[in-house]
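Input: a single structure, listed below in structure tokens.
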Amino acid sequence: MALGDTRSHPFRIARNVYDQNVWQPTLEYFLPVQMGHMRVKEKYKLWHDDSHRDDALMAPTDINHFDGYVQGSSTLTDFAPGEHVPGLTRGGWYDAGDEDFRIESQSGEVFILSAAYDEFGIQHDNTLIDQELRLTELREPDGRPDILQQIEHGLLTVVGGYEVLGRLYRGIIVPTLTQYVMGGDFSGQTDNLIYDKTLGRQERTATHSGLPDDRWVFTEENPAREFDAIANIAASVGPMRGYDDDLAERTLAAAEALWRVERAVESTTERNEQIRAAVELFRTTGKAEYRSFLLNQRDHILDQFRQIGWAVARVVHELDDPALTDAMRNAAAEYDRELQQKMNATPYGLDFEMQLWGRGWTLQHEGVAQYFLHKAFPEAFGKEYLLNILHYVLGTNPGANAQSYATGVGAKSKRAAYGLNRMDYSYIPGGVIVGTALIQPDFPELKEFPYLWQQSEYVLGGGASNFMFLALAADRLLNAETTD
């Protein structure tokens, strides 16, 4: 297509444009490559070896780690500082360019994958995942839906960590900068042997060594993050039932036990996340206690509709409260009218302000939230803004590049991203960068240089999987339009 002196790459116009080679790379490549505690192969290529079999030592107290993790004056567990914590060598994904396991990224990935499975029933299988052998093989179907295997992989670290610690971990990360800045195969960060302080640095047994290279596990008291994780894992119980019933019941037991912990809920953010947790527990159990809690929060839900309305929309009709339903429908209609006006604010049909960080991930989260509002109130809340967000990620964005932020997807996508393969100036198919940001002197640009992490970084917990969700949503919404 040509307009003036500008000529675009060829592109397809078809009803099935979103159902092939768009969301699949995220499930077939990005998520498998990011899997920790696994040997990941693709035919003759080894992406990385099994890693961090020595996870993890309890973090020292009274420390502020260079990557932002803080351990207070107590470990908040029965484990002493420096003591080996068993049971943390299963599941989890490298958090993109870093190798750490943040609770919000691990549980957040579980949520969006579970939501996608519930909504779209994805049965796609193109990956062999064997937890017993700790082996992942790309482009090798094994007869089981990849998305369920990935949900399982996230639960193994989140629920497994809860069961051994008696609480959620804050995160698991290497102790030294030398390890932290390593690119390539993260399995080389440690010797995979449990640290034993009675051994010399060069001494080792079959299972232990005197090298203190083991990752540290941090804990914290943070109601907002805890409620967020409760919501995220509770959402996975339904998908896991019939696939791994034991893990489903362990997950539900963990979510309900965490819900019952007494916490001071003081901030608006904490209350919002508590409501999200109640929503997902109600979806999973149908228990009256969660319904009662949600109905008692109606004023807060309506006051915070932009932030939390989408979550409550997932259960609003099952709550069977006409007054709340009508009030939320009216709030959704008002929100939609505001979005319709804001779509004229930029050439991309979106309202956003450029900043140091790109806006892609935030917009994608908004798009997922808007899907649930549209699903709950289709006559009051439209889908145009959601579709514009997907267009933005796929290349309708600022700057001269006009590249797809989903690497390996589209006619022209980012070629060098900040992931575990950043040293190669390359990308992982299906990863999604945060995108165009302000570069001095304050122009929106997208550089090919992969080390500008504020625009080129991959992320777990939604960045790529939110894109996958939006592509599936667009396929459904647009094709439903043609059959109505």
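Quick caveat: nothing in here was measured; it's all calculated off a predicted structure. Numbers for residues simply follow the sequence, beginning at 1.
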Give a yes or no on whether the ring-centroid distance for [X] and [Y] is below 6.0 angstrom.
X: W23; Y: Y18; answer: no
X: Y458; Y: Y418; answer: no
X: F120; Y: F469; answer: yes

Going from CZ on R225 to CD on E220, what distance comes out if it is rounded to the nearest 0.5 angstrom?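 The CZ atom of R225 sits 4.0 Å away from the CD atom of E220.
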
Find the distance between CG (D303) and CG (N272) and round it off to the nearest 0.5 Å.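 Rounded to the nearest 0.5 Å, the CG-CG separation comes out at 9.0 Å.
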
Would R241 and D245 satisfy salt bridge (Lys or Arg N to Asp or Glu O under 4.0 Å), going step by step from the backbone distance to the final call? CA-CA 5 Å; R241 285 176 174 153; D245 289 321; over 6 Å; no

Applying side chain to side chain contact (heavy atoms under 4.5 Å, CB included), run through E256 and Y290 and close with a yes or a no. CA-CA 11 Å; E256 292 205 281; Y290 304 120; 2.6 Å; yes

Return a table of donor-acceptor pairs under 3.5 angstrom between the side chains of residues 348-364 and protein atoms on other chains or two or more places apart.
unit_1 : atom_1 : unit_2 : atom_2 : d
W361   : NE1    : V432   : O      : 3.3
Q364   : NE2    : G463   : O      : 2.5

Decide yes or no on salt bridge (Lys or Arg N to Asp or Glu O under 4.0 Å) for R170 and E104, but give the supporting numbers first. CA-CA 8 Å; R170 167 67 190 101; E104 64 269 36; 2.7 Å; yes

Does any N or O in the side chain of [X] come within less than 3.5 Å of the main-chain N or O of [Y], such that one atom is a donor and the other an acceptor?
X: Y371; Y: W310; value: no
X: D95; Y: D100; value: no
X: T26; Y: G430; value: yes
X: E270; Y: E266; value: yes
X: H153; Y: G36; value: yes
X: D142; Y: I129; value: yes
X: T89; Y: D55; value: no
X: R314; Y: A376; value: no
X: Q106; Y: W93; value: yes
X: Q24; Y: N21; value: yes

Tell me the closest heavy-atom pair linking [X] and [Y], and the distance in Å.
X: Y162; Y: L168; value: CD1-N, 4.3 Å
X: P25; Y: V22; value: CD-O, 3.5 Å
X: A464; Y: G431; value: CB-CA, 4.4 Å
X: T127; Y: Q149; value: O-OE1, 3.7 Å
X: P141; Y: N126; value: CG-OD1, 3.8 Å
X: L148; Y: M240; value: O-CE, 3.4 Å

Suppose we screen for side chain to side chain donor-acceptor pair (under 3.5 Å). Which residues come up paired with T157, at least two apart in sequence or across chains?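 For T157 the side chain to side chain donor-acceptor pair (under 3.5 Å) partners, ignoring immediate neighbours, are Y169.
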
Sequence-distant partners of N16, side chain to side chain donor-acceptor pair (under 3.5 Å), two or more places apart: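 In terms of side chain to side chain donor-acceptor pair (under 3.5 Å), with neighbours along the sequence ignored, N16 is linked to R12.
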
Restricting to pairs with a member in residues 318-337, which pass side chain to side chain donor-acceptor pair (under 3.5 Å), not counting sequence neighbours?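 Listed once each, the pairs are R298-D321, D326-R329.
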
Worked verdict on Y405 versus Y392 for ring-ring contact (aromatic ring centres under 6.0 Å, His included): CA-CA 8 Å; Y405 297 162; Y392 176 83; 5.4 Å; yes

I want to check a possible cation-pi pair here: R263 against F227, using under 6.0 Å from ring centre and within 45° of the ring axis as the test.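 Here R263 passes the 6.0 Å and 45° test against F227.
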
When the ring planes of Y69 and H65 are compared, do they come out parallel, tilted or perpendicular, using 30° and 60° as the limits?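 The arrangement is perpendicular - the two ring planes meet at more than 60°.
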
Using the salt bridge (Lys or Arg N to Asp or Glu O under 4.0 Å) rule, take E28 and R139 through it: C-alpha gap first, then chi angles, then the decisive distance, then the call. CA-CA 7 Å; E28 293 178 351; R139 298 195 290 126; over 6 Å; no

Residues 229-237 side chain polar contacts: donor-acceptor under 3.5 Å, at least two apart:
unit_1 : atom_1 : unit_2 : atom_2 : d
N232   : OD1    : R276   : NH1    : 3.4
N232   : OD1    : R276   : NH2    : 3.0
N232   : ND2    : S107   : OG     : 3.0
N232   : ND2    : D228   : O      : 3.1
N232   : ND2    : D228   : OD1    : 3.4
N232   : ND2    : D228   : OD2    : 3.3
S236   : OG     : I233   : O      : 2.6

Sequence-distant partners of F79, ring pair (Phe, Tyr, Trp, His ring centres under 6.0 Å), two or more places apart: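 Partners of F79 under the ring pair (Phe, Tyr, Trp, His ring centres under 6.0 Å) test: none.
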
Regarding N397 and H391, do their side chains bring together a donor and an acceptor under 3.5 Å, going by distance alone?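 Judged by distance alone, the side chains do not pair up.
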
Is it the case that more than 12 heavy atoms not belonging to D78 sit under 6.0 Å from its CG atom?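 Result for CG/D78: open.
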
CA sep, side-chain torsions, deciding dist, call: R102, D67, salt bridge (Lys or Arg N to Asp or Glu O under 4.0 Å): CA-CA 11 Å; R102 294 179 180 269; D67 197 38; 3.0 Å; yes

In a check of side chain to side chain donor-acceptor pair (under 3.5 Å) between Q71 and each of T61, T219, N64, which one passes?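 Testing each of T61, T219, N64 against Q71, the sole residue satisfying side chain to side chain donor-acceptor pair (under 3.5 Å) is T219.
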
